[in-house]
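Taking it in order: structure first as structure tokens, then the write-up.
Below, chain A is the first sequence line, B the second, and so on; all start at residue 1. Since the structure is predicted, the reported quantities are computational estimates derived from the model, not experimental observations.
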There are 2 protein chains.
Amino acid sequence: MASETEENYIKAIFKITEKNQGAANTNAIAAHLSTSAASVTDMLKRLSSKDYFHYEKYKGVYLTSKGIEMATQLIRKHRLWEVFLVDKLGFSWDQVHDIAEQLEHVDSDELIIKLDAYLGHPKYDPHGDPIPNAEGKFTLRNQVTLQSLEKNEKGTVVGVRENDTPFLQYLNHFNIKLGTKMQVLSHIDYDHSMKVLVDDTVELLLSHKACSNLFIKKTTL
Amino acid sequence: MASETEENYIKAIFKITEKNQGAANTNAIAAHLSTSAASVTDMLKRLSSKDYFHYEKYKGVYLTSKGIEMATQLIRKHRLWEVFLVDKLGFSWDQVHDIAEQLEHVDSDELIIKLDAYLGHPKYDPHGDPIPNAEGKFTLRNQVTLQSLEKNEKGTVVGVRENDTPFLQYLNHFNIKLGTKMQVLSHIDYDHSMKVLVDDTVELLLSHKACSNLFIKKTTL
DNA sequence: AATGATTTTTAGAGTACCCTAAATATTTAT
DNA sequence: ATAAATATTTAGGGTACTCTAAAAATCATT
Ligand SMILES: [Mn+2]
Ligand SMILES: [Mn+2]
Ligand SMILES: [Mn+2]
Ligand SMILES: [Mn+2]
């Protein structure tokens, strides 16, 4: 069985390669895990016998299918636990990540099977991220950033790009959550901020940063 | 924060001193944690600066109030998770211990507060063991072993002394669980086994070993 | 009180993971 | 193409936890 540390390395490599399209390099892994580059090199060398990834000196690392399988199952567990924490225990979406980081390492196949059933086989987590099924398949969705919508276009919030606490709390403050309706009133050229109509009632001015991090499913009329 | 290993040591010391009335000795701790006596001595020496327990060479170890507090909270977490696994996820009582051993180390006060509320503030776990409340108080109960009942006395199963899988599965096999009604039909002198009437319907012959490990709340007529 | 059995500690060493500082390889800018 | 900047690896070492074998202390028996 893989140690918690090993699991965190594999997951980090998966997330970095997913975002970067290409091998995960040492510094990126170090940053992701808040550790030193030297520790990463050390770990990659020790782990490379275990067939989770291909590692070539100075060229970074990418996962084998065994590594992808492991990362996917960890993400599945992480997101299922987040659903549990929000839907059943009543946490808000900005409070669950760190707890799920711990829960995802609990080792029991039966536990995840039963948890998944108990939650009703959810397809998305509280941040709108897809939950891979037991076979590792993600349910993808048509989504675009709020920023990319044209004037007068409408849609519904279905996810957030980054789920860091400050951003989620910023959204809480404006009462924006998954399912919130959005209509673009105007783009402000000066700073790329946007005027939007929220839930058909409230007019808001949202920054470029916020609009680029909000995922919307367009309403097609 | 205490490491998972440290937590397991403190919990082991608590359980041993609770059972033995007196200091926990090295071999007992080693047996409880499936490790070597040498490792235990080493660990006790390293940990003794942290004020969880008093350690005197060759004389064993006993917890300080800080150590007792920590052990109690771990037991609280363990037992609450067991209730969750049985009541919500549908595990049977012989399947939950190992999973709860992992879950008890997840670190979040808010999580336990919310889990406890979600479960309805249970007082007992699936094995009939009392769950300490947030202040560490156990709800004790009048209970005796089935073995100690006299002929014709009646009662209800409220707990098991040891909750090892084989014993629990043995009880499953006879359909004996918490709440099962028991009436003593006779004590067999030869091997101290007992004839009992289960749930007013089934007659069973139970071994001395089983009867000494079943806790009963007597029905007072 | 002495002897033997048992328990505990010490000695010495190994693995997993982490660090800083220095060396080296790679990339970028001139 | 060379120099400078950046990324990565190596060198050397540290902590937490583990082990076996041997030494020492305690306990039990006579
Ligand atoms: Mn998360
Ligand atoms: Mn999430
Ligand atoms: Mn248990
Ligand atoms: Mn229990």
Under 4.0 angstrom between [X] side-chain N/O and [N] OP1 or OP2:
X      : N       : result
K57(B) : dT7(C)  : no
S36(A) : dC18(C) : no
T41(B) : dT8(C)  : no
S39(A) : dC17(C) : no
Y55(B) : dT8(C)  : no

Just compare [options] and give me whichever is closest to any side-chain atom of [X].
X      : options                   : answer
R46(B) : dT9(D), dT18(D), dT9(C)   : dT18(D)
S3(B)  : dC17(D), dT26(C), dC17(C) : dC17(D)
Y58(B) : dC18(C), dT8(C), dT24(C)  : dT8(C)
A38(B) : dT10(D), dC17(C), dA21(D) : dA21(D)
N27(B) : dT20(C), dT8(C), dT9(C)   : dT8(C)
T35(A) : dC18(C), dA11(C), dT8(D)  : dC18(C)

Between [atom2] of [N] and [atom1] of [X], the distance in whole Å:
X      : N       : atom1 : atom2 : result
M1(B)  : dA16(D) : CE    : P     : 14 Å
N8(B)  : dA16(D) : CG    : P     : 17 Å
E4(B)  : dT15(D) : CD    : P     : 23 Å
E56(B) : dA25(D) : CD    : P     : 15 Å
E7(B)  : dA16(D) : CD    : C1'   : 15 Å
L47(A) : dA16(C) : CG    : C1'   : 10 Å
L33(B) : dT18(D) : CG    : P     : 8 Å
K45(B) : dT15(D) : NZ    : P     : 16 Å

Side-chain touch P122(A)/D116(A), heavy atoms, less than 4.5 angstrom
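A side-chain contact under 4.5 Å exists here.
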NA contact type, [X], heavy-atom cut-off 4.0 Å: base, sugar-phosphate, or nothing?
X      : value
D42(B) : base
T26(A) : sugar-phosphate
T5(A)  : sugar-phosphate

Centre of Y170(B)'s six-membered ring, under 6.0 Å away, within 45 degrees of the axis: is that where NZ or CZ of K209(B) sits?
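Ring-cation test returns no.
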Would you indicate whether K151(A), at its atom NZ, is surrounded by more than 12 heavy atoms from other residues, nucleotides or ligands within a distance under 6.0 Å?
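Not more than 12 within 6.0 Å, no.
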For N8(B) and E104(B), the nearest pair of non-hydrogen atoms, with its separation, is OD1-OE2, 3.9 Å
Both S34(A) and K59(A) contact DNA chain C. Which one's nearest nucleotide lies toward the 5' end?
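It is S34(A), whose closest nucleotide lies nearer the 5' terminus.
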Donor-acceptor contact below 3.5 Å, side chain E82(A) vs main chain A100(A):
no
May I ask you to decide whether R46(B) forms a salt bridge with E6(B), counting only side-chain N to carboxylate O separations under 4.0 Å?
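No, R46(B) and E6(B) are not salt-bridged.
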